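Worksheet: one structure, shown below.
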Amino acid sequence: MSACVPARADSARTKHVHPPHSPPPGGPRRFRVAGADVSAAIAVFLIALPLSLGIALATGAPLQAGLVAAAVGGIVAGRIGGCPLQVSGPAAGLTVVTADLIQQYGWRTTCAITVFAGIAQLGLGCLRVARTALAVSPAIVHGMLAGIGVTIAVAQLHIVLGGTPQSSVPDNLIALPAQLANLHPADVAVSVLTLTLLLLWPRLPGRAGDVLGKLPAALIAVGGATAVAALTGLRLPKVDLPSWSSHALASLPEGPVLGLVAAVLTTTLVCSVQSLLGAVAVDKLVAARPALTGRVKRSDLDRELLGQGAANIVSGSLGGLPIAGVAVRSSANVAAGAVSRNSTMLHGVLVVIAALLLVPALELIPLASLAALVMSVGLKMVSLNHIRTVTRHREVLVYAVTTCGVVFLGVLEGVVLGIAVAVGVALHRLTRTRITHDDVEGVHHVHVRGQLTFLAVPRLSRVLHQVPHGADAVVELDGSFMDHAAYETLQDWQKTHTAQGGAVDITGRRPGTRISEPAEVDGCRCRPWTPWRNHQCERPSKAPAPGTDRRAAAGAPTGESSGTTTGPNASGTSGESGVPGAHGAPAATGGTGGTGATDQPRGHELARGISAFHRNTAPLMRRELARLAREGQQPSQLFLTCADSRVVTSMITSSGPGDLFVVRNVGNFVPLPGEESGDDSVAAAIEYAVDVLKVRSITVCGHSGCGAMQALLGADPAGTRTPLQRWLRHGLPSLDRVPADAAEDGRERPRLAGRAPADAAERLCLANVVQQLEHLRAHESVARALGTGDLELQGMYFHLGEAQSYLLSEDAEGGVFELVRETNLTA
């Protein structure tokens, strides 16, 4: 038997047969294009056609080369690329590079350079280094684009005025006075008309403006100027498209090898960086787009690099301009509602049809109109928003040097200059450290602004030794980096100062800068309360008393060693026993003060936490808290939830001081009014919130792993009536909603959308939220506010392990808790 034939009938290579009762499979799937892709393709085509001709004019290439690049960019890059909605073609960012290549090497050699740049992009894509291009500082990229924009605008200004541009920006600026003295009125009139239409068309008022504004302003501007020039009989240079039979193709490059290599590298760099940054920008546009009609995958940057490389190889071989992702066309494609790469490919097909069938119409376009269009694009590349951004991030020097370098030296030289300045600025920031010392009411504050490196060690050591022996000291690190030399200097001083009777607190003014290790200070390596780690840290070894659990002596809760917990919040998780002292350390150890070399008094953990609040948080909150103190509380919601320490209401609701009126108790119960031995504290809070504070909603929030629900399930009716058992009786109506046989009375039970409850405790927790909402309605103040429409009730379930919240929708029978979806907060 041949080795290529599977030996078993059930081999993985065996062809699957459709089920016997299903219809036979249909024929091959038909290629379909969504209507949204068709309309988007037409919109992009109408923008791409005049821009492609204008960019070809600006580079000095044959005008047909712009059409070739637009068609190839749409079809090849659109089919192979990794960003489905990015539109590629001749880009304004490549204008200066291409113009320099044409002037230095000629058109045919420029086409060959484009081919080699495409091959280089293929190599980079195969090496999967696309993400590396994103490491270039945005200030350099924005500066490069601004420099290119200035170069384009200055050059095209000469054509707008009826003249011929020079080879460089300085030459164009020198020749500009003579050009202004020798204006061509026809060219100026057509250019002014084009710019006016570009500016005013998107701003048409009223309903007519909403309808007409859907047509691209670039098409209207060029079309309107062409129509006016044709009707008035103006004599001025127009588009000249020679026969395709005489179209110039690529040839073997001629010139110095080093120069050609530099040209290929420059083209590769500019094409790749612009395309990859464009792909990232398109992803952001797609994510922000409301109501998608189809799911669009995120960009694969390595595949996008391969697609751009293939497109440049084809474009250069066919005599087209270099290709890159184009921001204007890509934005229009996303805004028009495109849902797949079919829109990009169809736009390329439309360009091919126009290049073959619309030549007589294209030859009516005045060159001055195209020049005005490209000049406006160049001016838009100098973005005020980018300038504000780099200024805010203190990178304006990098931006300015890159821009000036591109304008006066060239793209590659400008980018190299920008990189050099960016490295210099980074090194300057790394080595620039300001260290100050202040004495505030007996506490010595050493403030370090900047990064701590070995270069700052002498100054740091000098300032630290100004702190008197035995004094309290606070070292504030306002930076994100500390090297080994600075770390050792700081730690050695801390140990010495502590040994001499002083106290040291090392902290950071910004989150994430708590770098120190103050274990020797108070026997604990963590800061007050140690967020997110439940304050379970390594403590210095100390011989435990006989019979004492070593884990308890080390600071871990005793319940953790056995995996069991007790009390109302017991849920099988460490540190949640609900017993005093179990939050982070047994009560006998004195909390975070620990049992290290020096025992700390009780409450030391609380005092240190308050001290940290006074130092770090209070200065930021003081103004807002002062306003709340003046105006009083005006919360919009009453939030009733469990006393479980893991449920942080302000975190899961993104609320702040004054937003929520919070009531917490074991099991988030709402006792019925008038019940024997009823608890009036919850009823009083409800009455106060509804009648006095005038809250607009009340939320009852349960959570997963609730110890009260577990205790309720295992409650012994005949057991001793402890305070906890007496309180849990308020949950008995909830227990009645979930009998052992969930279908015994045929009623639907509260449930989570998309999945069944994980266990009996979760089923009871969901039922408890619904039951407590019914209890709420029985309160007189709540019933009255509900009757007037001034109040609404909400049920909520928070899953601790998933960190996800579910809101109750009572439209379905029994009630369904639906997951709260993420939304775009900036939309």
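Keep in mind it's a predicted model, so treat the numbers as computed, not measured.
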Less than 4.5 Å apart, any side-chain heavy atom of [X] and any of [Y]?
X	Y	answer
L195	V160	no
L63	D240	no
E413	L417	no
L176	L161	yes
L260	Y105	yes
V154	V407	no

### Query
Rounded to the nearest 0.5 Å, how far apart are CG of L67 and CG of L53?
4.5 Å

### Query
About how many Å separate CD1 of I102 and CZ of R108, when rounded to the nearest 0.5 Å?
13.0 Å

### Query
Where is the tightest heavy-atom contact between V115 and S317, given as atom of each residue plus distance?
CG2-N, 3.5 Å

### Query
Looking at E304 and G82, what are the two nearest heavy atoms and their distance?
OE1-N, 2.9 Å

### Query
Which is it for V280 and S299 under the side chain to side chain contact (heavy atoms under 4.5 Å, CB included) test, yes or no, and what are the steps along the way?
CA-CA 7 Å; V280 174; S299 299; over 6 Å; no

### Message
Hydrogens and angles aside, do Q86 and S275 bring a side-chain donor and acceptor to less than 3.5 Å of each other?
### Response
no

